[in-house]
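Read through the structure below, which is laid out as structure tokens, and then see the notes.
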Amino acid sequence: MELNKYGKLAEKHLRENKPDFYNRLVKDNNLDIYLEDVQKHLNNYANLVEFELREKHPFPDNNELTEIVSYIKTMRIKVDYLVEKEINLI
């Protein structure tokens, strides 16, 4: 399985902040399995966070392109920020 953005961020976090655990996963040949599980968790978490944010902050009523683009970018930034905080908990 190829890692997406969240999987790569999780791997970087482990390498930089938990090198002993990271090296043990590599040595035991379990890094890919672990990162796949973490990535699935983070993807599910991101979907849940996005759903909750959209409930609190509904999509703009008008069809103005700049507002729609701004809304989408803002949601993505908020979701990514919260996923990064979740990554720090692993």
Side-chain angles (χ1 to χ4, degrees):
M1 173 180 195
E2 189 171 331
L3 295 178
N4 66 14
K5 171 173 62 175
Y6 299 141
K8 290 175 184 176
L9 286 173
E11 181 178 19
K12 181 180 178 201
H13 171 75
L14 285 175
R15 222 180 21 252
E16 293 176 357
N17 298 295
K18 298 185 177 190
D20 292 339
F21 182 59
Y22 178 84
N23 289 331
R24 188 167 21 120
L25 288 170
V26 170
K27 181 183 174 193
D28 295 342
N29 222 14
N30 290 325
L31 180 63
D32 291 341
I33 295 166
Y34 180 81
L35 289 174
E36 184 177 329
D37 288 343
V38 168
Q39 179 172 273
K40 285 178 187 176
H41 165 73
L42 294 172
N43 288 337
N44 290 335
Y45 181 75
N47 290 335
L48 176 64
V49 165
E50 185 172 359
F51 178 79
E52 290 176 354
L53 284 171
R54 288 183 188 266
E55 280 191 336
K56 290 180 183 177
H57 309 284
F59 202 76
D61 288 337
N62 63 28
N63 290 329
E64 193 170 322
L65 183 60
T66 55
E67 282 192 39
I68 293 170
V69 170
S70 176
Y71 175 84
I72 292 169
K73 283 183 178 180
T74 300
M75 285 296 149
R76 182 57 30 216
I77 289 168
K78 289 179 180 182
V79 169
D80 286 349
Y81 172 76
L82 293 169
V83 169
E84 286 180 24
K85 287 182 74 172
E86 182 75 5
I87 288 170
N88 288 329
L89 299 176
I90 57 172

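Start at 1 with the first residue, then count along the sequence. The figures here come from the full heavy-atom set of this structure, side chains too, leaving out hydrogens, waters and symmetry mates.
- The line from CD of Glu86 to NE2 of His41 is 3.5 Å long, rounded to the nearest 0.5 Å.
- Here CG of Leu42 is found 10.0 Å from CG of Leu35. Values are rounded to the nearest 0.5 Å.
- Residue Leu48 holds its CG atom at 9.5 Å from CG of Leu53, rounded to the nearest 0.5 Å.
- A continuous path of hydrophobic side-chain contacts links Val79 to Ile90 [ILVMFWY only; heavy atoms under 4.5 Å].
- No side-chain heavy atom of Leu14 sits less than 4.5 Å from a side-chain heavy atom of Val38.
- With rounding to the nearest 0.5 Å, the separation of CE in Met75 from CG in Asp80 is 12.5 Å.
- For the atom pair Arg54 CZ and Tyr71 OH, the distance stands at 4.5 Å (nearest 0.5 Å).
- A salt bridge links Arg76 with Glu50: at least one charged nitrogen is closer than 4.0 Å to a carboxylate oxygen.
- One finds the CG atom of Leu9 at 10.5 Å from the NE2 atom of His13 (value rounded to the nearest 0.5 Å).
- Using a 4.5 Å heavy-atom cutoff, the side chains of Asp28 and Tyr34 are not in contact.
- Side-chain contact check for Lys5 versus Val83: every heavy-atom pair is 4.5 Å or farther apart.
- In summary, Lys40 and Glu36 engage in a salt bridge, as defined by a charged side-chain N under 4.0 Å from a carboxylate O.
- Between Glu11 and Leu31, some side-chain heavy-atom pair lies under the 4.5 Å cut-off.
- Counting heavy atoms from C-beta on, the side chains of Tyr22 and Asn17 never come closer than 4.5 Å.
- Residues Val69 and Lys73 are in side-chain contact: their nearest non-hydrogen atoms beyond the backbone lie under 4.5 Å apart.
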